[in-house]
Amino acid sequence: MRRTHRCGDLRATHVGQRALLQGWVHRQRDHGGLIFIDLRDREGIVQVVFNPTIAPEAHATASDARAEYVLEIEGTVAPRPAGTENPELPTGAVEVVADRAQVLNPSLPLPFTVAEEGPVDEAVRLTYRYLDLRRPRMARNLVLRHRVVKFIRDFFDELGFLEVETPILAKSTPEGARDYLVPSRVRPGEFYALPQAPQQFKQLLMVGGVDRYFQIARCFRDEDLRADRQPEFTQLDLEMSFVEQDDVLGLAEDLFTRMSRALTTKNVPTPFPRLTYDEAMTLYGSDKPDLRYGMASVELSDLFGETEFEVFRGVLGSGGVIRGIRVPGGARYSRREIDELTETGKTEGARGLAWAAIEPGELRSSFARFLSEGEQRAMIERLEGREGDLLLLVAAPGWVPSKALGAIRIEVARREGLADPDTLAYARITEFPLLEWDEEGRRWDAVHHPFTSPMDEDFSLLESDPGRVRAQAYDLVCNGWELGGGSIRIHRRELQERMFGLLGFTPERAEAQFGHMLRAFQYGTPPHGGMAVGIDRVVAIFAGESSIREVMAFPKNQSAADLLMNAPSQVDERQLRDLHIGLELD
RNA sequence: GGGCUCGUGGUGUAGCGGCCUAACAUGCGGCCCUGUCAAGGCCGAGAUCGGGGGUUCGAAUCCCCUCGAGCCCGCCA
């Protein structure tokens, strides 16, 4: 190591010391005589001065230097002349007066500026990711990500958890997300699958007596990408023996409270609100509500039992419901803006949107003229409407009013900037349904996964009314993102077989696919449960980023391509032969 | 598979039927300049307006197709 100091570390205390620095040319300012170069390394930036009368050779080298050249310079740390200090820079009290300089490696002109933050097309950033990583945003996010992972490892280590690695070459399970398949030279015609999650392995670790397990685990899913979804991503995976739901949720709350406060300056309301799935869906139309703002929807059906308004009467007559929300200050919305909100509601199945703007002395409304005065008053009172507010109502079957108003709620919050970026609004969502009906496949599907235990009090419904069975499953949400979820698992063979039966597995298929689990449960499997949390999403929320790509060093673009390496790519005929694979492309 | 938005010098934007022989900033090259820190000044190079077809006397601008990017729906046990 030739470096004596890091550029960003130099302070007034170093004045008088000799320094040998290596780093990148952040910026070069050539005054003809004096040349200033801001030399940058990971720790920061320091100004280096080249004086032609002191060191003509070094000055000549500095004169040729361009952005992102890698330089080695040697000189003396000096206080800056009075009046030229730069308070913007941590190193701004000092500068290095260079007497020697050497170009370690020049740089071509850049495809985009490293020294400035400005927006750059993401495809260009990803193609030159190594340059993008030098910019402050990515450099900062990588540091934050490291701290999150470090915090998690320390946290669980202190509690006696063991980090255990599980296989990346695992077994394909046709349920759930599509697998990435891996062929094998030595096993013609057979395939491994990359794990969608270490789910079965961690349960088997509990059977193996590990008791408390965690892992920073890479997971793979061959599904379409989103801002918060990549084909490979990282989970905090954890599992505990002899625990109940509250033990897991309590641990998660403790981890996230402490980690958020240690690594961010954001507000973290505690304790985390706890909503059942049913409550979240009813109030916010979502199982991952953003609780940084209000505007929960309110049940109004009972106010319109006698109404003359045909639309409401029709919906109520066929068993539908009427719900509403209050948009504070929304009375100033134009017809056009309200029409746009109506469109938002339609994406969730609402046929229309009934609206009423509370203006001084009158109700400007799409439907109030069909209501009695009593109905108008009751509606305003129930929604706590005040002058200047806009009341929005949806009448429709089932979840539609909640979901439509939930979508409108998010849209209004976006327009009004209601979501405080400096708050982390965590919540626990519990009592998820165990099963959901798959209309296409004409069968019941596991909402979480087939190893999830039903709630004790719903056992009797398993065969009689499967759709009403609640699971011991839970999610951790934050600011409208699903951060993670988990469940208490089934640990007895009989119940697991019953679950497979409900999911339409023949005993033969259950044996072929999950026989190892069923067998393991016959050898003293402890009760156990756990959860998995998306690390990429946690870091993104902490960093204030809206895409997890911003917190991954080398992410893929929306069409699942790695633009830097150019993956995926075609392979040699020879490789395919070794793997006993023939291609059939259409 | 579908919906929406966007493709203009290296980068970021403007222009949205004729004033475009395409503007601005930054970057790039040259010259000048000894206290700047987004250094400054002067000069210069750099774009067949993603690609193809069409409408029109005339297209960066309007229409169709296509390719690419982003966001969303489906999908994500």
Between A:Ala67 and A:Asp228, whichever has its closest RNA chain B nucleotide further toward 5' is A:Ala67
Heavy-atom nearest nucleotide on RNA chain B taken for A:Glu436 and for A:Arg549; more 5' hit belongs to A:Arg549
Sugar-phosphate, base or nothing in reach of [X], heavy atoms under 4.0 Å:
{"X": "A:Glu122", "answer": "sugar-phosphate"}
{"X": "A:Asp121", "answer": "sugar-phosphate"}
{"X": "A:Asp224", "answer": "base"}
{"X": "A:Thr113", "answer": "nothing"}
{"X": "A:Arg226", "answer": "base"}
{"X": "A:Arg29", "answer": "base"}
{"X": "A:Glu117", "answer": "nothing"}

Query raised in the report: What orientation do A:His449 and A:Phe451 show, parallel under 30°, tilted 30 to 60°, or perpendicular over 60°?
Result: tilted
> So A:Phe500 and A:Phe505, would you call those rings parallel, tilted or perpendicular, with 30° and 60° as cut-offs?
Replying inline: tilted
What is the base-pairing partner of [N], counting Watson-Crick and G-U wobble geometry with both distances under 3.5 Å?
{"N": "B:C24", "answer": "B:G12"}
{"N": "B:U5", "answer": "B:A69"}
{"N": "B:A77", "answer": "none"}
{"N": "B:G46", "answer": "none"}

Which whole number of Å gives the distance between the [atom1] atom of [N] and that of [M]?
{"N": "B:C33", "M": "B:C16", "atom1": "P", "answer": "44 Å"}
{"N": "B:U26", "M": "B:A38", "atom1": "P", "answer": "13 Å"}
{"N": "B:G46", "M": "B:G1", "atom1": "P", "answer": "43 Å"}
{"N": "B:U55", "M": "B:U61", "atom1": "C1'", "answer": "13 Å"}
{"N": "B:U5", "M": "B:C24", "atom1": "P", "answer": "31 Å"}
{"N": "B:G68", "M": "B:G52", "atom1": "C1'", "answer": "15 Å"}
{"N": "B:C31", "M": "B:A45", "atom1": "C1'", "answer": "15 Å"}
{"N": "B:A25", "M": "B:U8", "atom1": "C1'", "answer": "15 Å"}

Under 6.0 Å from the [atom1] atom of [X], do we count more than 12 heavy atoms belonging to anything else shown?
{"X": "A:Arg492", "atom1": "CZ", "answer": "no"}
{"X": "A:Glu57", "atom1": "CD", "answer": "no"}
{"X": "A:Arg468", "atom1": "CZ", "answer": "no"}

> How far apart are the C-alpha atoms of A:Arg229 and A:Glu223, what are their side-chain angles, what is the distance that settles it, and do they pass the salt bridge (charged side-chain N to carboxylate O under 4.0 Å, His left out) test?
Replying inline: CA-CA 9 Å; A:Arg229 274 164 39 189; A:Glu223 296 292 348; 5.9 Å; no
- Dump the intermediate steps for side-chain contact (heavy atoms from CB on, under 4.5 Å) on A:Asp38 and A:Val46, then the final yes or no. CA-CA 6 Å; A:Asp38 291 337; A:Val46 71; over 6 Å; no
Is it the case that A:Tyr284 and A:Asp290 place a side-chain donor and acceptor less than 3.5 Å from each other?
no
Residue set satisfying side chain to side chain donor-acceptor pair (under 3.5 Å) with A:Glu43, at least two apart, ordered chain then number -> none
Check: A:Val412 and A:Tyr333 side chains under 4.5 Å, non-hydrogen atoms: yes
For residues 105-120 of chain A, the salt bridge (charged side-chain N to carboxylate O under 4.0 Å, His left out) pairs (sequence neighbours left out) are A:Arg27-A:Glu116, A:Glu117-A:Arg140
Do A:Asp179 and A:Gln196 pass the side chain to side chain donor-acceptor pair (under 3.5 Å) test, and can you show the C-alpha distance, the side-chain angles, and the key distance before you say yes or no?
-> CA-CA 7 Å; A:Asp179 285 322; A:Gln196 296 172 24; 2.6 Å; yes
In terms of heavy-atom contacts, A:Leu133 and A:Ala553 come closest through CD2-O, 4.0 Å
So the contacted stretch of RNA chain B, first to last nucleotide with an atom under 4.0 Å from a non-hydrogen atom of chain A, runs from B:G1 to B:A77
Under a 4.0 Å heavy-atom cut-off, which of [range] touch RNA chain B?
{"range": "residues 494-516 of chain A", "result": "none"}
{"range": "residues 31-53 of chain A", "result": "A:His31, A:Gly32, A:Gly33, A:Leu34, A:Phe36, A:Asp38, A:Gln47, A:Asn51, A:Thr53"}
{"range": "residues 71-82 of chain A", "result": "A:Arg80, A:Pro81"}

Salt bridge (Lys or Arg N to Asp or Glu O under 4.0 Å) test vs A:Glu122 passes for just one of A:Arg129, A:Lys556, A:Arg549, namely A:Arg549
Taking only Lys NZ, Arg NE, NH1 and NH2, and the carboxylate oxygens of Asp or Glu, determine whether A:Glu550 and A:Arg125 approach each other closer than 4.0 Å. yes
